[in-house]
Amino acid sequence: MSEAERSPENMLPRASPSVSFGISLASAARVLRRQLWLGPLLTAGVLAVVGWLLYRTVERSLQNTLADELQTILQADLATLDLWLGAQRDNASALASDHEMVEAVEGLIDRFGKKADVSALLQSPELAQARELYSSARTASQYDGLLIVTPQGRVLGAVRDELIGKDANSLYPESEFLEMALAGTPTVSRPMPSEVVLPDGRGKLRAGVPTMFACAPVRDHASHVIAALGLRIHPEVEFTRILNLARFGGSGETYAFNREGLLLSSSRFDADLKSIGLLPDTDDAESILTLRLRDPLVDLTRGQRTPQGAQRPLTHMAAEATAGRDGIDVAGYRDYRGVPVVGAWRWLPAYNFGVATEIDYDEAFQTLGYVRRSFVILFILLVLAAFGMLGAMLWVSRLRLALRVAAVKSKQLGQYTLEEKLGEGAMGVVYKARHAFLRRPTAVKLLHPRVTSDAAVARFEREVQLTSQLAHPNTVAIYDYGRTDDQVFYYAMEYLDGLSLEALVRRFGPQPDGRVVGILQQLCGSLAEAHGRGLIHRDIKPANLILNHRGGQSDVLKVLDFGLVKAVGASEDKTVTMACALVGTPDYMSPEAIANPERVDARSDLYAVGAVGYFLLTGCSVFDGNSVIEVCNKHLGTPPVPPSQRAEAPIAADLEAVILRCLEKRQEQRPQSADELFDLLRECCGVQSWDRSHADAWWAASSSASDKAAHVGSEAGPLSETIAVAQP
């Protein structure tokens, strides 16, 4: 774009797209004056469509959020369950491999393996020794029974005398856990009803008490499996508690079930199940190993009853899970009470049971009901205001056009005359300007007039105060600060006739490693001064780093935007320093800035320096992701791919080592200061040559291309690949 094309006269709104919009509004106004009834009708129709679309958007957003929450809870429960099952296997294996236990089992097999004399076995010292060793293990882990079974299925060891000498397969029909242990694999059985009379949770002796075993092989000194050792667990206590560690809400629950849909853990609704007839109304009735996950076809909690003779299939969740199909359903289905719920489930082939987490639909979507009512009320109010809105929109459109023309004609801030806009962001706008007397090119950054909060003004002033303390030649220089009579805050800084590192890579691709070393050394110089004054930048990124040709020197770097600077040791007002939830830019944030911002120090800036170097060498960010959360998680735990594997040009091995050292997750493994990093970069001897002659030649070759582009480019501008001066 030529100077004439970029002149203030040619930037008047009469030549901008907003004029076309104004003309369209004028045409619309003429139509509405002829057909006044069209205005309210069209407005109401548009509002209805927009309202419905917004409602559907909110509904889908809530559904997606709920699906994520259900998946997270299920994952948390499964992870906790897996840890618990692993601990039970380890405990059983530890006891089964205990030297004294092996001797006791070998003694029992030698004396009673072929023919068990129950009376003699009960009096044997080997059984007494096994029971004593079990008592020690029980004290530590709350077990409630011991089982020692031979490969022939005979019980040679137990805490209860009546089990001794019995056939284990008849005592425990679901004896796959014994077969696995005798085959050499430690395992944990799923909950099952005991055929043996045992005390239940109330101390009452009865058969069918829920039981599960942690089982492991007992091996002799030649590593041959000679028996299986099992430790009895109370599933209604331990197993159920583990599954419900992460449940949420007043109706959320997580439970396990077998392939027949039989509940393997306790329901949180046992009392309700008795009142609606799914459990007997007795003190010892419980849902574990009693209730089947069948759809009653109606909501039993509302007093409805399943029609007589109606088939009651498995619930939607149970049918899917027992068929081996993991899933999640936020559209809603009936649970075993007939209550509409949403849920997520997974089948665990290793244990041959499934796990599901569910929550009542009404509770899960309670917020959606509020949103629906709010939309209805809002729609009514908007329809009532439709006529006024149309008139106001036409009036505001004309007023904005007049103000825009007036603003362009009188761009004066104190001693500075604004010439052209260089960039604009959410908080401020940057203009190229000239001083009334000095006549030197200047960049003026002013706070948006619409941004008038105390926090925004304080952050703006803080940026000026902190940046003005720095005098390093690679740090942008601040000239002046003030406010107009109309309370427009601004400050003046040096005008940078260059381009950001982001624009550099976007326009010219990854840079030679020798040039990257020079750029990073200048960045280290600027940071060394700031860190020496106890200031941490916290937003080092390519868009804040401007490469210039100035003062007869090529490749002069300038560091911008100290709006997020943190003073070490000072208490921080987050309303001043934070423009968003994260302090910094996710692509260049250190792990500690994400996980624990209070631990941010100078080494956090050096992490960002490494990320900038990585970008310059490869043209890519260190980590890619579909969301900010995904990128942040990778910064926390994923090792970066070496830049040499992503770059098209060769990269010196010593430079790559320096970059990767900057990107270490732990602060103490990075360079400890900007000066140390500067020295490491200076020692990189394998890089391509890039001296002043190379830089001068590059700038000379690129100047013609730059002349063809408008000098209006900050990263927020419409020509974001062109020359940048400052970040708004």
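What you are looking at is a predicted structure, and each value in this text was computed from that prediction instead of being measured.
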query: Quick one: does Tyr336's side chain get under 4.5 Å of Phe257's, heavy atoms only?
result: no

With sequence neighbours left out, the residues meeting salt bridge (charged side-chain N to carboxylate O under 4.0 Å, His left out) with Arg60 are none

Residues passing the side-chain hydrogen bond (donor to acceptor under 3.5 Å, both in side chains) test with Tyr361, sequence neighbours excluded, are none

Across all chains, not counting sequence neighbours, the salt bridge (charged side-chain N to carboxylate O under 4.0 Å, His left out) partners of Asp335 are Arg337

Across all chains, not counting sequence neighbours, the salt bridge (charged side-chain N to carboxylate O under 4.0 Å, His left out) partners of Glu69 are none

Applying side-chain contact (heavy atoms from CB on, under 4.5 Å) to Asn244 and not counting sequence neighbours gives Thr240, Arg247, Glu253, Thr254

Residues pairing under salt bridge (Lys or Arg N to Asp or Glu O under 4.0 Å) where one sits in residues 77-89, two or more places apart or in two chains, turn out to be none

Nearest heavy-atom approach of Gln71 to Ile328 is OE1-CD1, 4.0 Å

Sorted by chain and number, sequence neighbours left out, side-chain contact (heavy atoms from CB on, under 4.5 Å) with Arg219 holds for Pro217, Val225

For Glu664, the salt bridge (charged side-chain N to carboxylate O under 4.0 Å, His left out) test, sequence neighbours excluded, returns none

side-chain contact (heavy atoms from CB on, under 4.5 Å) filter on Asp362, not counting sequence neighbours, yields Arg302

The ring-ring contact (aromatic ring centres under 6.0 Å, His included) partners of Tyr607 (sequence neighbours excluded) come to His635

Minimal heavy-atom distance between Pro235 and Met212, with the atoms involved, is CB-SD, 3.5 Å

I'd like a table of donor-acceptor pairs (distance under 3.5 Å, sequence neighbours excluded) in which one partner is a side-chain atom from residues 307-317, with atom names and distances.
unit_1, atom_1, unit_2, atom_2, d
Thr315, OG1, Ala318, N, 3.2
His316, NE2, Asp329, OD2, 3.3

N/O donor to acceptor pairs below 3.5 angstrom from side-chain atoms of residues 172-185, sequence neighbours left out:
unit_1, atom_1, unit_2, atom_2, d
Glu174, OE1, Arg190, NE, 3.4
Ser175, OG, Asn169, OD1, 3.3

